[in-house]
Number of protein chains: 2
Amino acid sequence: METKKDSTEEKILEAAKNVFVTKGMDGARMQEIADEAGINKALLHYYFRSKERLFEAIFGEIIKYAFPKISRIIASDMGIVNKIEQFVDAYLDVLMKHPFIPGFIMKELSRDPSTFLKMIMKFGFNPQIVFTQIEEAMNRGEIIRMDPRHLAVNVISMCVFPFAARPIVSFVIFKEDQPAIEKFYHERATVIKQFVVNAIVIKP
Amino acid sequence: METKKDSTEEKILEAAKNVFVTKGMDGARMQEIADEAGINKALLHYYFRSKERLFEAIFGEIIKYAFPKISRIIASDMGIVNKIEQFVDAYLDVLMKHPFIPGFIMKELSRDPSTFLKMIMKFGFNPQIVFTQIEEAMNRGEIIRMDPRHLAVNVISMCVFPFAARPIVSFVIFKEDQPAIEKFYHERATVIKQFVVNAIVIKP
DNA sequence: GTATGATTTAACCATTCAGTTAAACTATCA
DNA sequence: TGATAGTTTAACTGAATGGTTAAATCATAC
């Protein structure tokens with residue numbers, strides 16, 4: 001019984017993810033989720049008692065992706081430039097696989113900040129570690145002087161924002177030319193790394 | 001007779017903006033808007049017949065801010081580096097005055113992309129102009145070679161994203177230390193300009 | 001074959017919410 | 001004074017929606 005994972009439950013989770021991600025908690029309709037999962041409302045409630053519970057299931061799942069084992073990269077003891085490059089690669093990799101995450105998080109963030117920030121705390125990464133490391137590199141003259149917090153925000157912005165604003169980017173720049181869009185997003189990692197290195201690394 | 005602007009209507013618009021901006025179209029409640037405006041639901045419908053109409057009024061207003069007279073800067077014939085710097089200054093200025101805009105747009109974008117993209121079209125700025133100018137500067141060896149579209153996305157990302165993700169930034173980095181947050185956001189323009197110049201300008 | 005759990009059907013309940021209505025009240029203007 | 005626009009109060013309608021329920025059906029295992 002249920003050798004892999006219960007197929008219906010997975011269908012529900014998949015459908016719920018799609019609907020919640022595009023419509024948000026408020027906009028999502030249980031009926032729509034049921035339809036998309038190819039079942040009926042009764043069965044949907046049979047699996048997940050309430051909309052609230054279903055949402056939390058999805059939400060937790062997504063957060064796990066959003067703040068991934070990148071902590072490990074951050075905590076590692078490699079050089080800062082190397083570390084930034086690995087961070088960008090790892091983060092872009094996650095985003096390419098789950099491009100809807102930024103949009104979803106932005107939406108739910110203002111709706112209910114408290115539960116969200118609680119979630120973040122659980123992953124409790126300490127940015128101070130990176131900030132200190134950046135400052136040391138500056139003192140050694142490896143990279144230019146700048147507020148480490150601004151540097152971090154710059155890097156993360158360039159990684160995340162294009163996914164949050166994907167519809168605008170794809171419409172304004174690419175007129176919905178799908179293959180070109182795909183290509184563009186695949187190039188992001190390389191471009192960002194190059195851009196950051198150019199901006200901060202001091203050549204001897 | 002309404003010498004300035006009808007005070008009640010303005011109270012409504014102000015209240016509606018606040019509610020729509022934090023809750024989104026779906027999450028917003030007419031009752032809440034009425035309460036926040038210090039009036040009752042009946043009067044609210046007396047001024048704006050429906051939630052739709054009220055939302056559209058707010059939406060149009062906000063879009064006007066979001067895509068401001070920056071077009072003029074883009075179309076001007078100053079040098080590209082200068083132009084980027086002026087763009088960043090102007091854009092950050094708008095964002096500092098209306099910091100809620102990015103979050104709002106992100107939310108409503110996935111809910112109803114069509115009406116939104118229609119709005120954008122109206123402002124019909126042609127990014128191709130800037131792209132061409134960037135390429136010319138590259139050919140003259142003023143700035144390094146890179147896909148102009150990536151450059152544009154990088155700059156805009158660094159400008160906009162911190163506002164869209166403001167709650168996270170202020171929580172993770174600043175632990176809600178308001179004055180520090182304010183200071184940080186005021187520094188953004190200078191930091192971004194410096195960062196971009198470092199990244200792309202070729203020193204002779 | 002029968003028991004059990006999964007699934008459907010379809011009706012239903014309770015609540016929330018946008019929007020309406022009518023009546024009364026207030027202030028202002030003419 | 002009386003007309004008029006703005007405003008309140010309070011009750012209501014109607015639709016959408018989350019959630020429940022009971023009975024019927026289907027599949028599978030025992």
Side-chain angles (χ1 to χ4, degrees), chain A residues 1-62 104 107-108 110-112 114-115, chain B residues 1-62 104 107-108 110-112 114-115:
Chain A
M1 313 94 173
E2 298 158 21
T3 28
K4 344 179 170 192
K5 240 319 177 55
D6 183 33
S7 165
T8 301
E9 187 171 340
E10 287 208 321
K11 274 190 320 193
I12 292 177
L13 288 172
E14 177 67 19
K17 196 188 74 181
N18 290 338
V19 176
F20 277 134
V21 149
T22 53
K23 307 289 179 74
M25 168 66 168
D26 292 323
R29 299 284 158 247
M30 293 299 267
Q31 187 59 60
E32 195 184 345
I33 295 173
D35 290 346
E36 185 139 338
I39 59 167
N40 50 18
K41 223 178 37 159
L43 190 61
L44 182 55
H45 281 90
Y46 176 76
Y47 274 85
F48 295 86
R49 202 160 297 158
S50 69
K51 186 183 183 182
E52 183 99 334
R53 289 205 190 185
L54 181 53
F55 181 76
E56 277 161 21
I58 302 292
F59 193 81
E61 194 69 10
I62 287 179
F104 177 76
K107 257 195 298 263
E108 300 308 322
S110 62
R111 194 184 61 90
D112 177 14
S114 62
T115 46
Chain B
M1 318 86 170
E2 297 158 24
T3 28
K4 346 179 168 189
K5 236 335 179 39
D6 184 33
S7 167
T8 302
E9 186 170 340
E10 287 207 322
K11 275 189 320 192
I12 292 177
L13 288 170
E14 178 68 18
K17 195 188 74 180
N18 290 336
V19 176
F20 278 134
V21 149
T22 53
K23 307 289 177 74
M25 168 67 169
D26 291 323
R29 299 284 158 252
M30 292 299 267
Q31 186 59 61
E32 195 184 345
I33 295 172
D35 290 346
E36 185 139 338
I39 57 166
N40 50 19
K41 224 179 35 159
L43 190 59
L44 183 55
H45 279 91
Y46 177 75
Y47 274 84
F48 296 85
R49 201 160 298 157
S50 68
K51 188 182 182 181
E52 271 285 283
R53 289 205 189 183
L54 181 52
F55 181 78
E56 276 160 21
I58 304 292
F59 192 82
E61 195 69 10
I62 287 180
F104 177 78
K107 256 193 299 261
E108 300 308 321
S110 62
R111 194 183 61 89
D112 177 13
S114 62
T115 46

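Below, chain A is the first sequence line, B the second, and so on; all start at residue 1.
Between the CG atom of A/Leu44 and the P atom of D/dT17 there is a distance of 14 Å, rounded to whole Å. Atom NE2 of A/His45 and atom P of C/dC13 are 17 Å apart (whole Å). Here the P atom of nucleotide C/dC17 and the CG atom of B/Asp35 are 12 Å apart, to the nearest Å. Between the CD atom of B/Gln31 and the C1' atom of C/dT15 there is a distance of 15 Å, given to the nearest Å.
Using a 4.5 Å heavy-atom cutoff, the side chains of A/Phe59 and A/Ile62 are not in contact. Put simply, the side chain of A/His45 does not reach to within 4.5 Å of the side chain of A/Ser50, judged on heavy atoms.
Along DNA chain C, the nucleotide nearest to B/Asp26 and the one nearest to A/Leu43 differ in position, and the one closer to the 5' end is contacted by A/Leu43. Toward the 5' end of DNA chain D, the nearer of the two residues B/Asn40 and A/Ala42, judged by each one's closest nucleotide, is B/Asn40.
A cation-pi arrangement is not found for B/Arg111 relative to B/Phe104, the charged atom failing to lie both closer than 6.0 Å to the ring centre and inside a 45° cone about the ring normal.
A donor-acceptor pair under 3.5 Å is formed between the side chain of A/Glu108 and the backbone N or O of A/Met25.
For C/dA18, one of the phosphate oxygens OP1 or OP2 lies less than 4.0 angstrom from a side-chain nitrogen or oxygen of B/Arg29. Close to D/dT7, at under 4.0 Å from its OP1 or OP2, lies a side-chain N or O of B/Thr8. Phosphate contact (OP1/OP2 of D/dG19, side-chain N/O of A/Arg49, threshold under 4.0 Å): absent. Residue B/Tyr46 has no polar side-chain atom (N or O) positioned under 4.0 Å from OP1 or OP2 of D/dT7.
Checking D/dT8, D/dG19, D/dT7 against every side-chain atom of B/Ile39, the shortest atom distance belongs to D/dT8. For B/Tyr47, the listed nucleotide lying nearest its side chain is D/dT7; candidates were C/dG19, D/dG18, D/dT7. Set against C/dA6, D/dT7, C/dA18, the side chain of B/Lys41 has C/dA18 as its closest nucleotide. In this structure, of D/dG19, D/dT7, C/dA6, it is D/dG19 that holds the atom nearest to the side chain of A/Met30.
For C/dG19, the base has no donor-acceptor partner in the side chain of B/Lys51 [N/O atoms by modelled type, under 3.5 angstrom].
Counting any heavy atom pair closer than 4.0 Å across all strands shown, A/Ala34 reaches no nucleic acid atom.
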Can you list the steps and then say if B/Glu36 with B/Glu14 is a side-chain contact (heavy atoms from CB on, under 4.5 Å)?
CA-CA 9 Å; B/Glu36 185 139 338; B/Glu14 178 68 18; over 6 Å; no
